[in-house]
Amino acid sequence: MRAILALRAILALSCALTVSCAPTGPAETKCLNVEAAGCWGRGSSNVTWALLQPQHCGTHTSYRYIRASLPVKRCLHSHSNPGTTSLGCHTARLTVILAANPYRRAISHASWQKAISGVRETYHDRSEADEIAAFRAFVAQGRISLKSIVAAFAPRPDWFVVRTNHLQADFDRLFDRLGFQRRAINATVRDHCVSSCNEKRVSLSSRDSFAFYDAATERAVFRRWADDFAFFGYSNSSRDMFL
């Protein structure tokens, strides 16, 4: 009996450094590995939290904002999935994941891959029509290499979702839950270089972004990331990409 109690104590101590536990069977629990997460800390009520940062989901803004606003254990710009460990979990914890509308995410991804003008490349000789044609070709040729958020991170319904379309409102709710005072993003992070540093760039806050999509391009992006549309409840219309 003493040996069994000692083993349980060891497992409980080991899992104190993990987050977001999900029972997978009567004798096993899967826990997200906090130490491998790029950004994590503890709330005022000692709730352990971790921020997961899928690519093209406002990560550069979000991690800097969190790092400047919360007492973090560590907060780096990281797109990795920290993975899980099979240990018993016994402490309160919260997993936070960033999410972006797939139609916006596809434009950002195309820019990062230099298919259209952005921070990594500027095509000064292109017209707006040229940029639109280049984006549509990028999608039609199957050059979207980025996994869906669901495929890359396997999010759970109880995770806390911060949406790029509602960064301030969602971070306000997160800070309330963790027991910290709200703080304005604009007072903490002055710029997001990936989307605002170039003289000529794709503006993801502009209504002109709708022009990138025709019916065929919209269908292709929807099929590519259908699981994200379903899990996060995004509209299948690109006209709603900023809602």
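Basis for what follows: all heavy atoms, side chains included, without hydrogens, waters or symmetry-related copies.
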Start with the C-alpha gap between L52 and W159, add the side-chain angles, then the distance that decides, and say whether side chain to side chain contact (heavy atoms under 4.5 Å, CB included) holds. CA-CA 10 Å; L52 303 185; W159 287 11; 3.6 Å; yes

Determine, stepwise, if the pair E131 / S117 fulfils side chain to side chain donor-acceptor pair (under 3.5 Å). CA-CA 7 Å; E131 293 282 25; S117 291; 2.4 Å; yes

Can you check ring pair (Phe, Tyr, Trp, His ring centres under 6.0 Å) on F231 and F153, steps first, answer last? CA-CA 12 Å; F231 184 87; F153 290 88; over 10 Å; no

Which is it for Q53 and C39 under the side chain to side chain contact (heavy atoms under 4.5 Å, CB included) test, yes or no, and what are the steps along the way? CA-CA 9 Å; Q53 307 169 57; C39 187; 3.9 Å; yes

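Annotation: F180 is not in aromatic contact with F175 [ring centroid separation under 6.0 Å not met]. Residues Y103 and F212 keep their aromatic ring centres 6.0 Å or farther apart. In this structure, F171 has its ring center at least 6.0 angstrom away from the ring center of H166.
A side-chain donor-acceptor contact under 3.5 Å links R105 to the backbone of Q55. Looking at E218, its side chain does come within 3.5 Å of a backbone N or O of S238 through a donor-acceptor pair. Listed for the D228 side chain is a donor-acceptor partner under 3.5 Å among the backbone atoms of V150. Between the E121 side chain and the A115 main chain, no donor and acceptor come within less than 3.5 Å of each other. Put simply, the side chain of S62 gets close to the backbone of G58: a donor and an acceptor are under 3.5 Å apart. The backbone N or O of A169 sits nowhere less than 3.5 Å from a side-chain atom of D172 that would complete a donor-acceptor pair. R183 places a side-chain N or O within 3.5 Å of a backbone atom of A68 that can act as its donor or acceptor partner. Remark: the backbone N or O of S145 is paired with a side-chain donor or acceptor of H109 at under 3.5 angstrom. Checked by atom type and distance alone, the side chain of S80 never pairs as donor or acceptor with a backbone atom of P82 at under 3.5 Å. At distances below 3.5 Å, not a single donor-acceptor pair connects side-chain atoms of D240 with backbone N or O atoms of S235.
Salt bridge absent: D176 and R173 never bring a charged side-chain N and a carboxylate O closer than 4.0 Å.
For the pair R42 and W49, the cation-pi criterion (under 6.0 Å, within 45° of the ring axis) is not fulfilled. Cation-pi geometry between R239 and F210 is satisfied (NZ or CZ under 6.0 Å from the ring centre, within 45° of the ring normal). In this structure, R104 fails the cation-pi test against Y234, since its NZ or CZ atom is not both closer than 6.0 Å to the six-membered ring centre and inside 45 degrees of the ring normal. A cation-pi arrangement, defined by a distance under 6.0 Å to the six-membered ring centre and an angle within 45 degrees of its axis, is present between R126 and Y123.
The nearest pair of heavy atoms linking G118 to S111 is CA-OG, 3.2 Å. The heavy-atom pair separating F138 from Q113 by the smallest distance is CE1-CB, 4.0 Å. Minimum interatomic distance between F222 and N236 (heavy atoms only, all atoms of both residues): CE1-CB, 3.4 Å. In terms of heavy atoms, Y213 sits closest to P102 at OH-O, 4.3 Å. Listed here is the closest heavy atom pair of L98 and I149: O-CD1, 4.0 Å. Summarising the geometry of I97 relative to P155, their closest heavy-atom pair is CD1-CB, 4.4 Å, with the distance given to 0.1 Å.
With values rounded to the nearest 0.5 angstrom, S69 atom OG is found 11.5 Å from R64 atom CZ. Here the straight-line distance linking atom CD1 of I66 with atom OG1 of T61 works out to 11.5 Å at 0.5 Å rounding. Rounded to the nearest 0.5 angstrom, C75 SG and Y65 OH are separated by 12.0 Å. Note that CZ of R74 and CG of L51 are 12.0 Å apart. Values are rounded to the nearest 0.5 Å. Separating the CG atom in L94 from the CG atom in L178 is a distance of 6.0 Å, to the nearest 0.5 Å. Distance check, rounded to the nearest 0.5 Å: CD1 of I116 to CG of D130 gives 12.5 Å.
Residues R163 and F232 form a side-chain contact, since some pair of their non-hydrogen atoms from C-beta on lies under 4.5 Å apart. Contact check for T95 versus F160: no side-chain heavy atoms found under the 4.5 Å cut-off. In this structure, N101 and F242 have side chains that are not in contact, with every pair of non-hydrogen atoms separated by 4.5 Å or more.
Annotation: Q181, atom CD; neighbour count of heavy atoms from other residues, nucleotides and ligands within 6.0 Å does not exceed 12.
Remark: of the listed residues I107, D214, T217, T217 is the sole one forming a side chain to side chain contact (heavy atoms under 4.5 Å, CB included) with V139.
Using a 4.5 Å cut-off between side-chain heavy atoms of Ile, Leu, Val, Met, Phe, Trp and Tyr, with links allowed through other members, Y63 and W112 fall into different hydrophobic clusters.
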